[in-house]
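Positions are given from 1 along the sequence.
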Amino acid sequence: MTGLDPDNWDELRGLGHRMLDDMIDRLMTQRDGPVWRPMPDAARAALKTGLPVEPTSPEMLYDRFREVIAPYATGNTHPGFMGWVHGGGTAVGMLAELLAGGLNANCGGRDHAPIEVEREVIRWAADMLGFPRECSGLLVTGSSMANMIAVITASRSVPEGEALRRTGIGGRRLVGYAAATAHGCIARAFDLAGLGTDALRIIPVDDRHRMDLSALRAAIRTDRDDGAEPFIVIGTAGTVDTGAIDDLDGIAAIARQDGMWFHVDGAFGALAMLSPDMRPALRGLERADSVAFDFHKWAQVPYDAGCILVREPGRQAAAFAQSLAYLSREDRGLAGNAPWFCDLGPDLSRGFRALKVWMTLGTYGTARMGRMVEECCAVARHLADRVEREPLLELLAPVTLNIVCFRVRVAGMDLDALNGELVKDLHESGVAAPSTTLVDGVKAIRAAIVNHRTVAGDVDRMVDEVLRLTRLRHGAA
C-alpha cells in the first residue's frame with residue numbers, strides 16, 4: 001500500500017467518535033477541574049519520542065494526547081481563565097475545525113466554495129464594524145499579522161508609494177503615530193515593514209489611558225517641519241493593559257485634516273460594536289481606513305482567526321498582489337474566480353479559517369454575541385465593585401470594557417513583588433488564571449473577562465483566593 005488512507009475505515013470512524021465524545025465531555029465538565037496545572041517533567045519527557053520512523057497507531061497517539069497533552073493545556077476554555085485576552089471557544093467552532101480539516105482547502109485563491117465563504121465572512125465583518133460592504137479584507141492568524149498588513153498597505157498608499165515595492169523605503173522618512181498604550185505588534189510591524197521602529201512616534205496618554213490628541217497634533221507638526229512624511233496614525237479600540245479606547249473620532253478628524261491613513265487596532269475591542277450599549281464608545285471606528293481585529297477573542301472562534309479590513313477596494317491588492325505565470329487567473333475552470341485572497345496579504349497557502357467563523361456567527365447570531373459582550377463587561381464591573389469593597393485591594397485603572405487591573409496592598413511589603421508572586425500562586429491553585437501588567441509603572445493583577453462561560457461567581461472565587469493566598473503567604477489582616 002502506497003497511500004495513507006486507513007486499512008480499516010470503521011476502526012478510524014470509531015476512534016473519531018471516541019475523540020468527539022471525549023472533547024464534548026471535556027467542554028461540558030471543565031468547570032469542575034482546575035483552570036491550569038503545571039506540566040510535570042515526566043509528561044514533558046513523554047513527548048520527547050524522537051522522529052517517528054516507523055508507524056504508531058492512531059489509538060496509541062490519542063492515548064498519549066489524553067495523558068500528556070489535554071490535561072496540561074492553556075486553560076482558556078475554562079471559566080476561571082482571565083489572563084491576557086484569550087477567547088473561550090465553542091463546541092460548534094470545534095466541529096467546524098473538523099469539517100475544514102476534512103476538506104483541506106487551500107484558500108489562497110481559485111474557484112471553490114471555501115473562497116466564497118471567506119468573502120461572505122468579510123462582508124459580515126464589514127457590516128459589523130460599519131465599513132462599506134465592498135471593502136477588501138482577509139482572514140489571517142491574528143491581529144499582529146492584520147496590523148502589519150495595514151501598516152504595509154498604508155505605506156504603499158502614500159504618493160508614489162507603489163514604487164516602494166520595487167525600490168524599498170530608501171531615503172523616504174515615513175513616520176507614524178500610536179499611543180504609549182498601543183500593542184507591541186505595532187512597533188514590530190514598523191520593524192518588519194522596513195520602516196524601522198524609530199519611525200513610530202509614541203504619543204503619551206491622558207489619565208484615562210487614551211491617546212493625548214494635543215500631543216499627537218504637536219508631534220505631526222514637528223515631523224512635518226523636520227521634513228518627515230507622516231503617513232499613518234493608529235488608534236486602539238481596547239488597549240491590551242486596561243481596555244481603554246482611544247478617541248477614535250478625534251483621531252479620525254486629525255488624520256483627515258493631515259491627509260494620513262487612519263488605522264484602528266481593535267484586536268478584541270472592535271467587537272464591542274456588536275453591543276448597542278457599547279457601540280457609542282467606539283464612535284469613529286467606522287471612519288477608519290483599515291481595522292484589525294480577532295474573531296478568536298470576543299467572537300469565541302477557535303484559534304486562529306484574525307481579520308483585516310481595508311476601506312478602499314484596491315489598496316490592499318496594490319500593496320501585495322503579484323503577477324506570476326504559475327498563478328495565472330483564467331476566465332473559467334479551477335484557476336478562475338479572481339481576485340484571489342493571496343493578492344491581499346503575504347500568504348499563498350491559507351487554511352479554511354472562514355468556516356469556523358461562518359459557523360460560529362451563523363449559529364449564535366450577532367445579537368446574541370452582542371449580549372455576550374455586555375455580560376462580559378457586566379462581570380468586569382462586578383469585579384471592580386468587589387475590589388473597591390475589599391480593604392486589601394486597590395483598583396488601578398478605570399474599567400472601560402472588560403479588563404480590571406487591581407493589586408493587593410500590604411503595608412511594608414514590596415507590592416510589585418507581592419502581586420507578581422500572588423498571580424503565580426493563583427495559577428498553581430487552579431482556581432483562576434489572570435495575568436499581570438504595569439499600570440502607571442505599578443504591577444497589576446489583570447483580569448480580562450473574555451470567556452463567554454465566566455460569570456460573577458468565577459471572579460468572586462478569584463478574589464476570595466487572592467485574599468486567602470495573601471493571608472497564607474504574609475499573614476495580612
Side-chain angles (χ1 to χ4, degrees), residues 16-31 33 35-36 62 65-66 69-107 113-114 117-118 120-122 124-125 128 137-146 266-271 274 292-308 341 347 349-366 368-370 372-373 376 402 433 448-454:
H17 289 170
R18 179 183 162 208
M19 291 174 172
L20 182 59
D21 286 342
D22 286 351
M23 293 309 292
I24 289 178
D25 286 346
R26 177 185 174 87
L27 291 175
M28 288 173 58
T29 61
Q30 61 193 327
R31 179 180 286 280
V35 179
W36 175 84
Y62 180 55
F65 167 85
R66 294 181 65 212
I69 298 174
Y72 309 110
T74 310
N76 53 300
T77 59
H78 192 289
F81 187 94
M82 305 168 202
W84 304 278
V85 185
H86 291 191
T90 66
V92 167
M94 178 184 73
L95 295 175
E97 289 276 65
L98 172 66
L99 298 178
L103 290 183
N104 193 30
N106 182 346
C107 292
V117 174
E118 185 161 350
E120 178 67 351
V121 165
I122 295 301
W124 288 358
M128 288 159 55
L138 186 71
L139 295 181
V140 293
T141 54
S143 285
S144 292
M145 177 60 75
F268 73 91
L271 288 182
L274 297 179
F293 70 100
D294 291 321
F295 284 110
H296 58 230
K297 291 189 170 78
W298 244 342
Q300 312 298 333
V301 172
Y303 279 85
D304 51 37
C307 186
I308 174 69
F341 281 114
D347 294 325
S349 298
R350 305 177 62 252
F352 190 10
R353 292 186 182 97
L355 186 63
K356 56 192 174 185
V357 180
W358 183 78
M359 286 196 70
T360 301
L361 292 181
T363 296
Y364 301 106
T366 57
R368 184 170 175 184
M369 285 289 190
M372 178 267 297
V373 166
C376 287
N402 62 325
I449 314 302
V450 186
N451 192 330
H452 60 95
R453 303 178 180 97
T454 305

Next on the checklist: One pair to check against side-chain contact (heavy atoms from CB on, under 4.5 Å): Met369 and Trp298. What are the steps and the verdict?
Outcome noted: CA-CA 8 Å; Met369 285 289 190; Trp298 244 342; over 6 Å; no

Item to check | Residue pair Trp124, Thr366: steps toward the side-chain contact (heavy atoms from CB on, under 4.5 Å) verdict | outcome: CA-CA 10 Å; Trp124 288 358; Thr366 57; over 6 Å; no

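Ile308 approaches Ala146 most closely through the heavy-atom pair CD1-O, 3.5 Å. In plain terms, the two heavy atoms of Gly266 and Phe293 that are nearest each other are O-CB, 3.2 Å. Minimum interatomic distance between Ser143 and Ala292 (heavy atoms only, all atoms of both residues): OG-C, 4.1 Å. What you find for Cys107 and Gly351 is that their closest heavy atoms are CB-O, 3.8 Å. Smallest separation of non-hydrogen atoms from Cys376 and Ile449: CB-O, 3.3 Å.
A heavy-atom distance below 4.5 Å is found between the side chains of Leu139 and Arg350. Using a 4.5 Å cut-off on side-chain heavy atoms (C-beta onward), Asn402 and Phe268 make contact.
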Under 3.5 Å, sequence neighbours excluded: what are the donor-acceptor pairs made by side chains of residues 20-29?
from	atom 1	to	atom 2	distance (Å)
Asp22	OD2	Tyr62	OH	2.6
Arg26	NH1	Ala70	O	3.2
Arg26	NH2	Ala70	O	3.1
Thr29	OG1	Asp25	O	2.8

Between side-chain atoms of residues 79-91 and protein atoms elsewhere (two or more places apart, or another chain), which donor-acceptor pairs fall under 3.5 Å?
from	atom 1	to	atom 2	distance (Å)
Thr90	OG1	Gly93	N	3.0

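Scored by the ring-ring contact (aromatic ring centres under 6.0 Å, His included) test, Phe352 finds no partners at all (sequence neighbours excluded). With sequence neighbours left out, Arg66 forms a side-chain hydrogen bond (donor to acceptor under 3.5 Å, both in side chains) with no residue at all. With sequence neighbours excluded, the residues satisfying side-chain contact (heavy atoms from CB on, under 4.5 Å) with Asn451 are Arg453, Thr454. Partners of Leu98 under the side-chain contact (heavy atoms from CB on, under 4.5 Å) rule, at least two apart in sequence or in another chain, do not exist in this structure.
In this structure, Lys356 contributes its side chain and Tyr303 its backbone to a donor-acceptor pair below 3.5 Å. Remark: the backbone N or O of Pro302 is not paired with any side-chain donor or acceptor of Glu97 at under 3.5 angstrom.
With a 6.0 Å radius and a threshold of 12 heavy atoms from other residues, nucleotides or ligands, Arg368 has its CZ atom at or below the threshold.
No option in Asp304, Asp347, Asp294 other than Asp304 meets the salt bridge (charged side-chain N to carboxylate O under 4.0 Å, His left out) test with Arg353.
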